[in-house]
Novice: 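Structure below; questions to follow.
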Amino acid sequence: MKLPFYINNFLSETGSISRFITRFFGQLFHPRYEIRQFIRQCYLIGCLSFPLIAITGFIMGLVLTMQLRPSLIAYGVESQLPIMVSLAIVREIGPVITALIFAGKISSGIGAELGSMKVTEQIDAMEVSGTNPFKYLVVTRVLATTLMLPLLTVLSDVISLYGSYLGVNIKGHTSLQLYFFQVFHTLQFSDVLPALIKTVFFGFAIGIIGCYKGYNSSKGTEGVGRSANAAVVISSLFIFIIDLVTVQITDILGLN
Amino acid sequence: MQSESNISIIDTQEPVIKITGLKKGFGNRVVLDGFNLELKRGESVVVLGRSGSGKSVLIKCVIGLYKADEGEIFVLGKKISELDYEGMDKIRANVGFLFQSNALYDSMTVRENLEFPMRRHLKNISPEDVEKRIIETLTHVGLAHTIEMMPSELSGGMQKRIALARTLVLNPEIILYDEPTTGLDPVTGKEISTLMTETQRLYNTSSIIISHDMKCVQRTADRIAVLVDGVCYAIGTYNELERSNDEKVKQFFE
Ligand SMILES: Nc1ncnc2c1ncn2[C@@H]1O[C@H](COP(=O)(O)OP(=O)(O)OP(=O)(O)O)[C@@H](O)[C@H]1O
Ligand SMILES: [Mg+2]
């Protein structure tokens, strides 16, 4: 039996991504550890993404608050505004939006960078220079995205809440103290933890897919462009799939 | 057909590279189909072949970037199919590879490019030695002033020379050149060929050179191997092959 082309393609791609992930874990606990390169990548991937994440987070909190207000007024529960917004941000919108922006910036960047290193034989050159390019390039980047995205999400959440505070104060009056008292009073451990755990998976997916696409880039500049593009598309898709899976799991575990 | 006609004085020595019956394919496509070659110490062998005939694949097999499907490759007396990662690293420290596309790390300066293989291969080298060797090699290729530049700021010929410097910085015993003069103007091409022969003399390296550029071939080759249909179709000196009547050999010398 011959499978249609696209199904065949999908299955073989899934297989080779799985092999890539297996290879990642195989090399992760094997010296030599590229600590310096890891730290560098954390800086490049994490710190340099912070301004973008901060701006979008702030706007997101502000806009969300302004949009929610009329509905809440209609139901006569305007005072619940901080609670509603903070729940929405911390549980869902913060992690997902941050991850999507992060994917757009980082996954495509990694895809293009590794892709061009591949086609210009820089990866081969590393290999003959006594360096395991998989460790040097892939393991460090994937670890960096996995570690940095949760941190960025926390920061983004906090900044969003400040944005939201501003939104609350455009038409009403709440002191910062009261606002955050209300917010932290509402937020449970079970709101924060699952949301943070899923960002670890988001970060991993973004890193590994960017690296996979770049590392397996086909010859030529066109191949590099395609890798970068596919990296963003696939990792964005994965973010939603992971989101869906985690919400099911937390539901089953009764954490909702 | 291994020619025995040009037995020279160094023939008593063990070859630094010995390739026997090398086969390599990708999917259904057979690229190398039983290739044989010996490289003696201090010798330069040029591999001639049409584009896509598998020349790059051949030398990538020698350095272990591709695994041979069949056949054996001995480098500096070691059978590379039996080496583990560390063993292969030791070989790689002694075998320089000049990539067809230069493969300079474009996120690093020239200095960092040269530093990289040294830091990686020679674990105990002192920073002063690293610096000394970098300056020395850059001076050898005539580009000491570019030390702080990025590869993207250099012309194609300069990049080629930096790439050569990066392979030389480890003082390799063997250098594999993948089309060192392709894409360069004749004058720069000549400079690179001269640099290669000078390097050979100065550092006493052995080399396999892949080239289409007959001027470069003539300048650098001790022997020439013609790669046709995945095998070493003919081997001999420039003059021997130039006089050949064989169609497949003649086409390279027109
Ligand atoms: N990684 C690979 N996967 C699949 N096929 C490959 C791979 N590398 C090389 N090939 C195929 O092997 C053949 C020989 O390639 P190679 O790069 O050795 O050619 P070449 O002789 O160096 O040509 P050129 O002079 O153009 O550089 C080509 O047909 C190429 O398509
Ligand atoms: Mg080639």
Novice: Determine whether more than 12 heavy atoms belonging to other residues, nucleotides or ligands lie under 6.0 Å from atom OH of B:Tyr85.
Specialist: yes
Novice: Which residues, numbered in order, of residues 123-153 of chain A come under 4.5 angstrom of chain B by heavy-atom distance?
Specialist: A:Asp124, A:Ala125, A:Met126, A:Glu127, A:Val128, A:Ser129, A:Gly130, A:Thr131, A:Asn132, A:Tyr136
Novice: Using non-hydrogen atoms only, which part of B:Glu86 is less than 4.5 Å away from chain A: side chain, backbone, both, or neither?
Specialist: neither
Novice: Please check if atom CZ in B:Phe74 has more than 12 non-hydrogen atoms from other residues, nucleotides or ligands closer than 6.0 Å.
Specialist: yes
Novice: Let me know if B:Lys90 has heavy atoms under 4.5 Å from chain A in its side chain, its backbone, both or neither.
Specialist: neither
Novice: Counting neighbours of OH on A:Tyr43 that are heavy atoms of other residues, nucleotides or ligands and sit closer than 6.0 Å, is the number greater than 12?
Specialist: no
Novice: Around atom CD of A:Gln27, are there more than 12 heavy atoms of other residues, nucleotides or ligands at under 6.0 Å?
Specialist: yes
Novice: Taking CZ in A:Phe238 as the centre, count heavy atoms belonging to other residues, nucleotides or ligands within less than 6.0 Å. Is the count above 12?
Specialist: no
Novice: So which of B:Met118, B:Arg120, B:Met88, B:Lys60 has the largest heavy-atom pair count under 4.5 angstrom toward chain A?
Specialist: B:Arg120
Novice: As an exercise: rank B:Leu65, B:Ile91, B:Ile63, B:Val95 by heavy-atom pairs under 4.5 Å with chain A and give me the winner.
Specialist: B:Leu65
Novice: Quick one: CD on A:Glu121 to CG on B:Asn102, what's the gap to the nearest 0.5 Å?
Specialist: 9.0 Å
Novice: So, taking the atom named OG1 in A:Thr120 and the one named CG in B:Asp106, what distance separates them when rounded to the nearest 0.5 Å?
Specialist: 6.0 Å
Novice: Are more than 12 heavy atoms, taken from residues, nucleotides or ligands other than B:Tyr203, located less than 6.0 Å from that residue's OH atom?
Specialist: yes
Novice: With side chains defined as the heavy atoms from C-beta onward, is the minimum distance between A:Gln122 and B:Met108 less than 4.5 Å?
Specialist: no
Novice: Is it the backbone or the side chain of B:Leu104 that comes under 4.5 Å from a heavy atom of chain A, or both, or neither?
Specialist: backbone
Novice: Taking atom CZ of A:Arg36 as the centre, report whether more than 12 heavy atoms of other residues, nucleotides or ligands fall under 6.0 Å from it.
Specialist: no
